[in-house]
There are 2 protein chains.
Amino acid sequence: MEEKKNVKYHSADECPITATIDVIGGKWKPPIIWLLLRGPMRFGELHKTIPAMALKVLSRTLKELESDGIILRKAYPEIPPRVEYSLSQKGESLRQIMTLMSEWSRANIMDEALNPGPL
Amino acid sequence: MEEKKNVKYHSADECPITATIDVIGGKWKPPIIWLLLRGPMRFGELHKTIPAMALKVLSRTLKELESDGIILRKAYPEIPPRVEYSLSQKGESLRQIMTLMSEWSRANIMDEALNPGPL
DNA sequence: CGGCATCCTAGTAGATACTG
DNA sequence: CAGTATCTACTAGGATGCCG
């Protein structure tokens, strides 16, 4: 018998879900991971694909994902410079979760206007 | 052939993952959903289980989850009052995602200290 | 017991201009 | 091309105190 019933949270990050969302959450991390699941992309390519995201925010977010081990950064020592971002093994392992969340949103959020729900 | 390659994000909430995280994310929603997946709980019970969470924040968070259709609120007209929270059908449908995220964090975050990773 | 109102704080997102 | 620096703005989270 597990004693699940006695769990207590004395801080938020004791929750395993919260720990995961800290890594993949935030305003812009999901779209970036979601895009990189389809293959590597260059900095400018990401910028053009997410025009709503300020450059500063993009580079900051990429650095966070890199330091969390989710993405890999490969800089080519050329002129002009070229930098390619791709998912690490750890990032790849998020594929199933991301896919399920995408399906869940399509089923439960996007359809909301159509399904007012039980009254 | 789908033209996935032409996706563009002109705002963050066009991303289906972001949409889902908006609902289940934030600092305290995950532990609450995670707890309610094991069964209904009373307000005070939640409070005792997550003592780090201020009462105000708890009630605000519960209201958000309720208005998003994730949880159900049942108030018993007694003295003293009793209010029970449980997951809705929609909330229940998050079980697989939550479970996967929990497993992912155990495999990729909690073990981090033990696995420095490739050097 | 189970809340809500008010006010405050701090972390993140964002705009613009400049650099290797 | 691929960033960084600086400054501003917003919003989620938090502490305290009162009410049905």
Side-chain angles (χ1 to χ4, degrees), chain A residues 9-15 17-18 21-33 35-36 40-68 71-86, chain B residues 9-15 17-19 21-33 35-36 40-68 70-86:
Chain A
Y9 293 110
H10 294 283
S11 89
D13 39 54
E14 291 167 27
C15 174
I17 318 292
T18 299
I21 292 189
D22 278 348
V23 174
I24 65 172
K27 188 164 182 180
W28 295 110
K29 286 179 184 177
I32 290 176
I33 299 174
L35 286 169
L36 291 181
M41 287 179 85
R42 297 177 55 170
F43 184 88
E45 222 175 337
L46 283 165
H47 177 50
K48 272 175 291 184
T49 308
I50 318 181
M53 194 180 190
L55 282 179
K56 157 81 187 214
V57 179
L58 175 56
S59 80
R60 182 209 291 142
T61 306
L62 288 170
K63 267 196 290 189
E64 282 177 33
L65 288 169
E66 190 193 0
S67 84
D68 281 337
I71 66 175
L72 302 172
R73 186 190 121 105
K74 166 124 184 146
Y76 297 85
E78 308 168 351
I79 303 290
R82 182 160 63 101
V83 180
E84 216 167 59
Y85 291 92
S86 60
Chain B
Y9 292 109
H10 295 281
S11 90
D13 40 54
E14 290 167 27
C15 174
I17 317 293
T18 299
I21 292 190
D22 278 349
V23 175
I24 66 171
K27 188 164 181 180
W28 296 109
K29 286 179 184 177
I32 291 177
I33 299 174
L35 286 169
L36 291 181
M41 288 180 83
R42 296 178 55 171
F43 184 88
E45 221 175 338
L46 284 165
H47 176 49
K48 271 176 291 182
T49 307
I50 318 180
M53 194 181 190
L55 284 177
K56 158 77 189 216
V57 179
L58 176 56
S59 81
R60 183 208 293 142
T61 307
L62 288 170
K63 264 198 294 188
E64 283 177 33
L65 287 170
E66 190 193 1
S67 85
D68 281 336
I70 303 298
I71 66 175
L72 302 173
R73 188 191 119 106
K74 166 122 185 149
Y76 297 85
E78 309 168 351
I79 303 290
R82 181 160 63 100
V83 180
E84 217 167 58
Y85 292 92
S86 61

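Scope of the values below: all heavy atoms of this structure, side chains included, with no hydrogens, waters or symmetry mates. Chain letters run A, B, ... following the sequence lines, proteins first and then strands; every chain starts at 1.
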For the pair made of [atom1] in [X] and [atom2] in [N], what is the distance, rounded to whole Å?
X	N	atom1	atom2	result
A:Met41	D:dG3	CE	C1'	17 Å
B:Leu58	C:dA5	CG	C1'	17 Å
B:Lys74	C:dG3	NZ	P	14 Å
B:Lys27	D:dA15	NZ	C1'	13 Å
A:Leu46	D:dC1	CG	P	14 Å
A:His47	D:dG3	NE2	C1'	11 Å
B:Met53	D:dA12	CE	C1'	11 Å
A:Leu55	D:dA5	CG	C1'	13 Å

Do [X] and [Y] come within less than 4.5 Å of each other through their side chains, counting heavy atoms only?
X	Y	result
B:Ile70	B:Ile33	yes
A:Lys29	A:Ile24	no
B:Lys27	B:Val57	no
B:Leu35	B:Ile50	yes

Within the structure, does a side-chain N or O atom of [X] lie under 4.0 Å from either OP1 or OP2 of [N]?
X	N	result
B:Trp28	D:dG14	yes
B:Arg82	C:dG2	no
A:Lys63	D:dT4	yes
A:Arg60	C:dA15	no

Would you mind classifying the nucleic acid contact of [X] as base, sugar-phosphate or nothing, using non-hydrogen atoms under 4.0 angstrom?
X	value
B:Val57	base
B:Arg42	sugar-phosphate
B:Lys56	base
B:Tyr76	nothing

Considering only heavy side-chain atoms of A:Pro80, the closest of D:dA2, C:dG14, D:dC1 is D:dC1
On DNA chain C, more 5' by nearest nucleotide between A:Gly25 and B:Arg73 is B:Arg73
_With side chain to side chain contact (heavy atoms under 4.5 Å, CB included) as the criterion, how do B:Leu62 and B:Leu46 come out once you've worked through the C-alpha distance, each side chain's angles and the decisive distance to 0.1 Å?_
CA-CA 10 Å; B:Leu62 288 170; B:Leu46 284 165; 4.0 Å; yes
